[in-house]
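Heads up: numbering here begins at 1 and tracks the sequence.
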Amino acid sequence: IPMLRAIEGLADTTQNKRLRTTLKDVHDQLERGRNLSTAMSQHRGVFPRLVIAIVHVGENTGQLEESFQQLSVYLEKEQDTRKRIKAATRYPSFVLIALVVAIFVLNIFVIPTFASMFSRFNVELPWATRALLGSSEFFVGYWHVLLLAMVGGFFGVRYYVGTDNGRLKWDSLKLKIPIIGSILMRSMLGRFARSFSVMIGAGVPLTQALSLVAEAVDNAWMEKRIIEMRRGIERGENLSRVARQSELFTPLILQMISVGEETGRVDVLLLEVAEYYERETDYDLKTLTARIEPVMIAVVAVMVLILALGIFTPMWDMMSAYQGR
């Protein structure tokens, strides 16, 4: 099928309005004599630089069909990994939100009811009850300040993360979070290996491939390490040496990169590296809920224990005193 007809057909069948408008503009530019990669580069919000670079190489080598095939596999894997990470982290996110809402409801509406009841009895309250009453008084008296602090903190952190230094620190911190950090690290290393393999297999120069892959990993800390790898390549060092200096990869992966350089099959072995990391990520994601559940249950249990001790212990003491009379 001729390219113009293919682009026109895609524009007519897609349900996404933005993509439809973009494809129609690409079609118009192709009719005016521009090549495909140049037309796509006018819409960087839709087509990432990595996609444009591979299409450009495919045009120059006469392997445009193979380039799109590589991109299709890469993007499908990328989307699948992102969806699985979001699905795995959805449960702990909902639990944490529910805990915060429960703390507010208990302190503002539930505990004050018991506080008024305890105040009518001239008895010494246990430490758990005093802690609950003090917490409730603070929430009732300063709930608006707490709410403003939470909203201000959210937007303040969001603004800081939007800066270059803030994004670098946040992306580095994410990889150190217990349980989740190692999964994110493996996921990004798999993304790096797959995208780098696709770029090299398509014929993109090594330094340009590293620059494009640095953007594709979507992590400022790892992007900085990959840029340092590119600078090492520009100084004349080989890929295995700069990979070892980056301290990103395990000895097994470094060995595979070294063998790939010796045999001229870096793209093939990097693809195997990507599949290795993706299998590791898949296994970790499947067991993530089972590993997080005990922590969540322990947190809820501690909250219920403090609540029970704070509310029921003085009630039992008062009932015992009343029966003794």
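- The cluster map of Ile, Leu, Val, Met, Phe, Trp and Tyr, joined by side-chain heavy atoms under 4.5 Å apart, puts V268 and V266 in different clusters.
- A heavy-atom distance below 4.5 Å is found between the side chains of I52 and R44.
- By the side chain to side chain donor-acceptor pair (under 3.5 Å) test, T38 is found to be paired with N35, residues two or more places apart in sequence or in another chain being considered.
- Atom CZ of R235 and atom CD1 of I233 lie 9.5 Å apart (nearest 0.5 Å).
- Apart from F155 itself, the hydrophobic cluster it occupies contains V151, F154, where clustering links Ile, Leu, Val, Met, Phe, Trp and Tyr at side-chain heavy-atom distances under 4.5 Å.
- Hydrophobic clustering places L4 together with M40 (ILVMFWY residues linked when any side-chain heavy atoms are closer than 4.5 Å, directly or through intermediates).
- To the nearest 0.5 Å, atom CG of residue D282 and atom CG of residue D80 are 8.0 Å apart.
- Evaluation of the side chain to side chain donor-acceptor pair (under 3.5 Å) rule for T22 yields no partner, not counting sequence neighbours.
- R194 and E275 make their closest contact through NH2-CG, 3.7 Å (heavy atoms, listed as atom of the first residue, atom of the second, distance).
- Using modelled atom types, one side-chain atom of E261 and one backbone atom of S240 make a donor-acceptor pair closer than 3.5 Å.
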Using side chain to side chain contact (heavy atoms under 4.5 Å, CB included), reason through M222 and L189 one step at a time and then give a plain yes or no.
CA-CA 9 Å; M222 191 173 288; L189 287 173; 4.0 Å; yes
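- Considering CG of N238 and CG of L206, their distance stands at 10.0 Å, rounded to 0.5 Å.
- Membership of an apolar cluster is not assigned to V73, as no side-chain contact below 4.5 Å to another ILVMFWY residue is traced.
- In this structure, T207 OG1 and R231 CZ are separated by 13.0 Å, a value rounded to the nearest 0.5 Å.
- Of all non-hydrogen atoms in I1 and A6, the two that sit nearest each other are CG2-N, 3.9 Å.
- Contacts of R49 classified as side chain to side chain donor-acceptor pair (under 3.5 Å), with partners at least two apart in sequence or in another chain: E215.
- The ring pair (Phe, Tyr, Trp, His ring centres under 6.0 Å) search around F139 returns F104, not counting sequence neighbours.
- Crowding of R265 atom CZ: a count of heavy atoms from other residues, nucleotides or ligands under 6.0 Å not exceeding 12.
- In this structure Y283 satisfies the ring pair (Phe, Tyr, Trp, His ring centres under 6.0 Å) test with no other residue, sequence neighbours excluded.
- In this structure F249 satisfies the ring pair (Phe, Tyr, Trp, His ring centres under 6.0 Å) test together with F192, sequence neighbours excluded.
- Within a 6.0 Å sphere centred on CE of M150, heavy atoms belonging to other residues, nucleotides or ligands number 12 at most.
- Side-chain contact between L64 and M3: present, with at least one pair of heavy atoms (C-beta onward) separated by less than 4.5 Å.
- In this structure, I257 and L269 have side chains that are not in contact, with every pair of non-hydrogen atoms separated by 4.5 Å or more.
- Remark: the backbone N or O of S246 is paired with a side-chain donor or acceptor of R225 at under 3.5 angstrom.
- Residue-environment remark: CD (Q208) exceeds the threshold of 12 foreign heavy atoms within 6.0 Å.
- Contacts of H43 classified as side chain to side chain donor-acceptor pair (under 3.5 Å), with partners at least two apart in sequence or in another chain: D25.
- In terms of heavy atoms, A11 sits closest to K24 at CB-CG, 3.9 Å.
- In this structure, CD1 in I226 is found 7.5 Å from CD in E223, a value given to the nearest 0.5 Å.
- Residue pairs meeting the side-chain hydrogen bond (donor to acceptor under 3.5 Å, both in side chains) criterion with at least one member in residues 155-173, sequence neighbours excluded: D171-K174.
- Minimum interatomic distance between S67 and G58 (heavy atoms only, all atoms of both residues): OG-CA, 3.2 Å.
- Atom OG1 of T250 is separated from atom CD of Q255 by 10.5 Å, given to the nearest 0.5 angstrom.
- The ring pair (Phe, Tyr, Trp, His ring centres under 6.0 Å) test applied to Y277 returns no partner, not counting sequence neighbours.
- The cluster map of Ile, Leu, Val, Met, Phe, Trp and Tyr, joined by side-chain heavy atoms under 4.5 Å apart, puts V105 and V95 in the same cluster.
- Y74 has its side chain within reach of R191: a pair of non-hydrogen atoms, C-beta onward, lies under 4.5 Å apart.
- Hydrophobic clustering (ILVMFWY, side-chain heavy atoms < 4.5 Å, transitive): L248 and I183 are in one cluster.
- I54 places none of its side-chain heavy atoms less than 4.5 Å from the side chain of L212.
- Here the closest heavy-atom approach between residue S187 and residue T281 is recorded as N-OG1, 3.4 Å.
- Residues R230 and S211 bring a donor and an acceptor atom of their side chains to less than 3.5 Å of each other.
- Around NE2 of H27, the count of heavy atoms belonging to other residues, nucleotides or ligands within 6.0 Å exceeds 12.
- Side-chain contact between L96 and V100 is absent, with no heavy atoms from C-beta onward closer than 4.5 Å.
- E228 places none of its side-chain heavy atoms less than 4.5 Å from the side chain of V242.
- Nearest approach of G190 to E278, heavy atoms of both residues: O-OE2, 4.4 Å.
- For the pair T14 (side chain) and L10 (backbone), a donor-acceptor distance under 3.5 Å is absent.
- The closest side-chain heavy-atom distance from Q245 to M229 is not below 4.5 Å.
- L175 is linked by a side chain to side chain contact (heavy atoms under 4.5 Å, CB included) to L184, M185, M188, N219, W221, counting only residues two or more places apart in sequence or in another chain.
- Hydrophobic clustering (side-chain heavy atoms under 4.5 Å, transitive across Ile, Leu, Val, Met, Phe, Trp, Tyr) groups V259 together with F196.
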